[in-house]
Amino acid sequence: MDKLKQLLENNRRWAEKTKAQDPDFFPTLSRQQRPDYLWIGCADSRVPANQIVDMQPGNIFVHRNVANLVVHTDFSLLSVLQYAVEVLQVSYIIVCGHYGCGGVEAAYDHRQLGLIDNWLRNIIDTYHLHQEDIYQLTDRRARLDRLSELNVMEQVANVTQTSIVQSAWRRGQKLSVHGWIYSVEDGILHDLDVSVSGLDMVDPPYRLEQ
Ligand code: CO
């Protein structure tokens, strides 16, 4: 119980400090949110979206799940994506993975953990698709790092293959999708250079007809 009380006390202190620094901070935020970014990241406690890019509340719309997956039947993710793109009109979608991801490691090791195995199956698909690339590396750590990067790249592709994002591009909305990976060891983000900013950059079989 004390551990929970600590959180509430921290919150009071933070709110006071924030108000003292900027008396308009909460009144402004309470009227509206106008984030430019949608962040799709891992639920890992070491990768808190706002903190690692040094952003205040109000700037980033966030969805996090185990291993930052974009699954086409996940209504939670799809609802976040639709709201972010169509209502909030974000300009940037960032899929952010991280090295040392427990979800990626569990998938790589084919470990059985219960219900979550079904979720992590999506990473095994990526592993299978890029086997040759991964097997070229002999070191386990290098293989896991590569799979973490490939997982982000696949999820970026998945975002661009949704009707939500493709419809936005057809309407002429300015929207780009980016893949980043975070190093828990030094706190640095790396751009994986897989940015997609228009329908012409999507693989033809995945372009939906109007
Ligand atoms: Co993770």
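Indexing begins at 1, ligand by ligand and atom by atom, following the structure's order. Values below: all heavy atoms of this structure, side chains included; hydrogens, waters and symmetry mates excluded.
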Original post:
If you look only at pairs with a residue in residues 11-51, which of them pass as a ring-ring contact (aromatic ring centres under 6.0 Å, His included), with sequence neighbours excluded?
Top reply: Trp14-Phe26, Tyr37-Tyr92
**OP:** Give every protein N, O or S atom lying under 2.8 Å from the Co ion (ligand 1), naming each by residue and atom.
**Re:** Cys42 SG, His98 NE2, Cys101 SG
Side-chain donor-acceptor contacts of residues 69-80 below 3.5 Å, not counting sequence neighbours, with atom names and distances?
| unit_1 | atom_1 | unit_2 | atom_2 | d |
| --- | --- | --- | --- | --- |
| Asp74 | OD1 | Ser76 | N | 3.0 |
| Asp74 | OD1 | Leu77 | N | 3.3 |
| Ser79 | OG | Phe75 | O | 2.5 |

**OP:** Under the side chain to side chain contact (heavy atoms under 4.5 Å, CB included) rule, collect the residues that match up with Glu105, sequence neighbours excluded.
**Re:** Asp109, Arg111, Arg140, Leu144
**OP:** Please indicate whether Gln51 has more than 12 foreign heavy atoms, meaning atoms of other residues, nucleotides or ligands, lying under 6.0 Å from its CD.
**Re:** no
Original post:
Less than 4.0 Å between a side-chain N and a carboxylate O, is that true for Asp139 and Arg143?
Top reply: no
Original post:
Between Asp145 and Arg141, is there a salt bridge with N-O shorter than 4.0 Å?
Top reply: yes
